Amino acid sequence: MLEQIDFTTKSIREKTNNFIPEIGIILGTGLGGLVKEIIVEYVLPYESIPNFPVSTVEGHSGKLIFGSLGGKNVMAMQGRFHFYEGYDMHQITFPVRVMKALGVKTLCVSNASGGMNPKFEVGEIMIITDHINLFPTNPLIGKNINELGPRFLDMSGAYSNEYINLALEVAKENNIKVSTGVYAGLTGPCFETPAEYRYLWRTGADAVGMSTVPEVIVARHGGMNVFGISIVTDLGVEGSVVTVSHEEVQHIAKMQEPKMSLIMKELIARI
Ligand code: HPA
């Protein structure tokens with residue numbers, strides 16, 4: 001894996017004139033609009049990057065974008081890799097390893113989720129305070145590469161309190177209603193049954209989705225600080241679970257995307 005990371009990193013450096021990103025961004029379903037705010041310097045389609053998987057799901061276009069946002073050098077993944085697409089955990093998190101090797105110190109992630117917390121409304125913007133890994137596996141399984149991080153990773157405080165507080169401040173200043181909560185990550189691609197939403201809520205999750213957890217684990221393994229934000233696109237609240245579709249998820253995410261983008265941009269400016 002080290003050779004792969006090294007090869008990919010060198011190839012990206014060559015194509016970006018040795019651009020050094022400080023902040024990595026992974027944009028979720030319907031949330032790619034933040035890219036419009038980036039003063040773009042280089043765009044690399046995933047197909048052009050050695051060892052990079054290619055994203056398949058509708059609504060995710062696969063590009064790495066390098067440029068400046070909030071006065072910082074950033075690299076953004078427009079489109080991520082999901083377990084349900086058939087990628088393994090190492091493929092899903094490979095871009096985060098490469099981000100680290102390129103110089104990234106902070107990872108900002110966004111996603112769409114289903115909300116179980118009865119206080120949530122459709123479109124709720126939830127700042128992620130913690131997660132529950134409900135994938136059947138973990139990206140750190142296998143021989144540990146000590147150069148990349150520790151064998152047994154501490155996951156207390158995985159989501160930086162400092163960033164959570166900064167994001168809350170930004171939201172308040174801009175009159176954006178946000179909440180905080182725990183994100184449960186599981187495989188999909190099915191949305192949950194009413195019994196599964198109930199189970200997730202009762203076991204401590206406020207929202208559920210099919211991403212983010214693997215990338216955050218690997219970011220922490222590499223010693224990055226992490227900020228996560230989720231758009232609750234549908235509700236799985238006990239007693240009032242409604243049907244949900246990918247189109248609806250994309251629609252609600254797109255509607256709320258400008259607010260989420262503003263929070264991320266301002267947060268990045270203040271980091
Ligand atoms: N469940 C899982 N993932 C999701 C959901 C959901 O209800 N909504 C958006 N992504």
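Both counts, for ligands and for their atoms, begin at 1 and track the order of listing. In this chain, numbering begins with 1 at the start of the sequence shown. What you see is a predicted model; the values in this text were computed from it and never measured.
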Chemist: Is there a donor-acceptor pair under 3.5 Å between the side chain of His221 and the backbone N or O of Pro150?
Modeler: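 Yes.
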Chemist: Would you say Asn111 and Ser113 are linked by a side-chain donor-acceptor pair, where the criterion is simply a distance under 3.5 Å?
Modeler: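 No.
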Chemist: Counting heavy atoms only, which of Glu192, Glu196, Met116 comes nearest to atom 1 (N) of ligand 1?
Modeler: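 Closest candidate by heavy-atom distance is Glu192.
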Chemist: Of the protein's non-hydrogen atoms, which lies at the shortest distance from atom 10 (N) of ligand 1, and what is that distance?
Modeler: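 Answer, as residue, atom name and distance: Ala112 O, 3.4 Å.
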Chemist: Within the 4.0 Å heavy-atom shell around Met210, which atoms of ligand 1 are there?
Modeler: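 Counting from 1, the qualifying ligand atoms are 2 (C), 3 (N).
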Chemist: Please state whether Gly209 comes within less than 4.0 angstrom of ligand 1, counting heavy atoms only.
Modeler: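 Distance cut 4.0 Å: Gly209 passes for ligand 1.
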Chemist: Considering Leu200, Asp234, Val249, Ile252, which one's heavy-atom position lies nearest to atom 8 (N) of ligand 1?
Modeler: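 Looking at heavy atoms only, Asp234 sits closest to atom 8 (N) of ligand 1.
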Chemist: Under 3.5 Å between any N/O of Gly114 and any N/O of ligand 1: does that happen in this structure?
Modeler: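 N/O-N/O distance below 3.5 Å exists for this pair.
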Chemist: So, does Asn174 use its side chain to make a donor-acceptor pair with the main chain of Val170 at under 3.5 Å?
Modeler: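 Yes, the answer is positive, given that a donor and an acceptor are paired below the 3.5 Å cut-off.
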Chemist: Compute the minimum heavy-atom distance from Thr233 to ligand 1 and say whether it is under 4.0 Å.
Modeler: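 Checking ligand 1 against Thr233, which is what was asked, there is a heavy-atom contact under 4.0 Å.
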Chemist: Restricting to non-hydrogen atoms, name the atom on Ala167 and the atom on Ile127 that form the minimum distance, rounded to 0.1 Å.
Modeler: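 Residues Ala167 and Ile127, closest heavy atoms: CB-CD1, 3.7 Å.
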Chemist: How does Tyr84 reach ligand 1, by side chain, by backbone, by both or by neither, if only non-hydrogen atoms under 4.0 Å count?
Modeler: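 Neither part.
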Chemist: Judged by atom type as modelled, is there a donor-acceptor pair below 3.5 Å linking the side chain of Ser48 to the main-chain atoms of Leu44?
Modeler: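 No.
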Chemist: Is there a donor-acceptor pair under 3.5 Å between the side chain of Gln250 and the backbone N or O of Glu247?
Modeler: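 Not a single qualifying donor-acceptor pair exists.
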